[in-house]
Amino acid sequence: VTEGAGEARTETPFSIRTAREGEADVVLAFWSAAGAVPTVSDDRDAVERLLRHDPEALLLAEADGDVVGTVVAAWDGWRGSVYRLAVAPRFRCRGLGTALVRAAEQRLTEAGARRSQAVVVETDERAMSFWSAAGWHHQRERARFTR
Ligand SMILES: CC(C)(COP(=O)(O)OP(=O)(O)OC[C@H]1O[C@@H](n2cnc3c(N)ncnc32)[C@H](O)[C@@H]1OP(=O)(O)O)[C@@H](O)C(=O)NCCC(=O)NCCS
C-alpha cells in the first residue's frame, strides 16, 4: 500500500502491504511480542477466517523482512472499523503508527466507508493521545455494548 513511508524518521525503512494467506502465525507472534492486549480471538483460526472473509483487511508494516506493525481495517458494508493497531517497540515514535492509520483510512475510503470507528482502551494514555494526534474524534456521547 505504502512504499518507503517513514524513511525520513527512521534509518530502517518500512513498507506497508496487505497480509497474505499463511501469515497468521507470524502476525500472532508479532502481537504477542509487541504487547498488544490479547483478546479471545487471538488464534490462528480467527486470523485465517479474517483473511478469507476480507483479504484486504489486515495490513502489515515490514522492515528488513520482519513484521514491525499491524492494523486491521475492516469494512462490513456499513462502517469501517480499525482494530489491532500495534507497532514494534523499536519502531515507536517514528511515525509508523500514523502511517498504518493512514493506510487503514485509505483502504476504508476506497472500500466505500464514510464513517469509521476504533476501539481504544480509555485508560491507556499513550493510545488515547495517539488517536487524538491522528485526527480522530473521541466520541463521549455513545456507550459501547459488547457480547
Ligand atoms: C500506540 C502506538 C500504535 C503508536 O505507534 P507509534 O508508531 O509510536 O505512533 P507515531 O510515531 O505515529 O505517533 C504519532 C503521534 O501519537 C502520539 N503518541 C505516540 N506515542 C505516544 C506516547 N507514548 N505518549 C503520548 N503520545 C504519543 C504523539 O502525538 C505522536 O506524534 P509526535 O511523534 O509528533 O509527537 C504504539 O505505541 C503501540 O503499538 N502501542 C502498543 C499497542 C497499542 O496500544 N495499540 C493501540 C490500541 S488502540
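Counting starts at 1 for both ligands and their atoms, following the listed order.
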Per-atom filter on ligand 1: closer than 4.0 angstrom to a heavy atom of D124 are 44 (O)

With heavy atoms of C93 as the reference, note each atom of ligand 1 found under 4.0 Å away. 6 (P), 7 (O), 8 (O), 11 (O)

Would you kindly confirm whether L28 and V87 end up in one hydrophobic cluster when ILVMFWY residues are joined by side chain heavy atoms under 4.5 Å apart? no

Candidates L85, V87, L96, V120; heavy atom nearest atom 42 (C) of ligand 1 found on L85

Determine whether the side chain, the backbone, both or neither of R94 has a heavy atom under 4.0 Å from any heavy atom of ligand 1. backbone

Check whether the side chains of W136 and E105 place a donor and an acceptor atom closer than 3.5 Å, and report yes or no. yes

I'd like to check which ligand 1 atoms, numbered from 1 as shown, lie under 4.0 Å from a non-hydrogen atom of A133. 15 (C), 16 (O), 29 (O)

Do any nitrogen or oxygen atoms of A127 come within less than 3.5 Å of a nitrogen or oxygen of ligand 1? no

Residue set satisfying side-chain contact (heavy atoms from CB on, under 4.5 Å) with L50, at least two apart, ordered chain then number -> A57, L58, V72

Partners of S41 by side chain to side chain donor-acceptor pair (under 3.5 Å), sequence neighbours excluded? T39

My understanding is that we take every heavy atom of each candidate and find the minimum distance to atom 10 (P) of ligand 1. Doing that for G95, A61, P89, which one comes out nearest? G95

Between R102 (side chain only) and A134 (backbone N and O only), is there a donor and an acceptor less than 3.5 Å apart? yes

Determine, using heavy atoms of A86 and all atoms of ligand 1, whether some pair is separated by less than 4.0 Å. yes

Ignoring hydrogens and angles, tell me if any N or O in the side chain of D64 forms a donor-acceptor pair with the backbone of D66 under 3.5 Å. no

Heavy-atom closest pair, residues A73 and D54: O-OD2, 4.4 Å

So is there a nitrogen or oxygen of W131 less than 3.5 Å from a nitrogen or oxygen in ligand 1? no

Examine the proximity of ligand 1 to V119 and report which part, side chain or backbone, both or neither, has a heavy atom under 4.0 Å away. backbone

For G97, is at least one N or O under 3.5 Å away from an N or O on ligand 1? yes

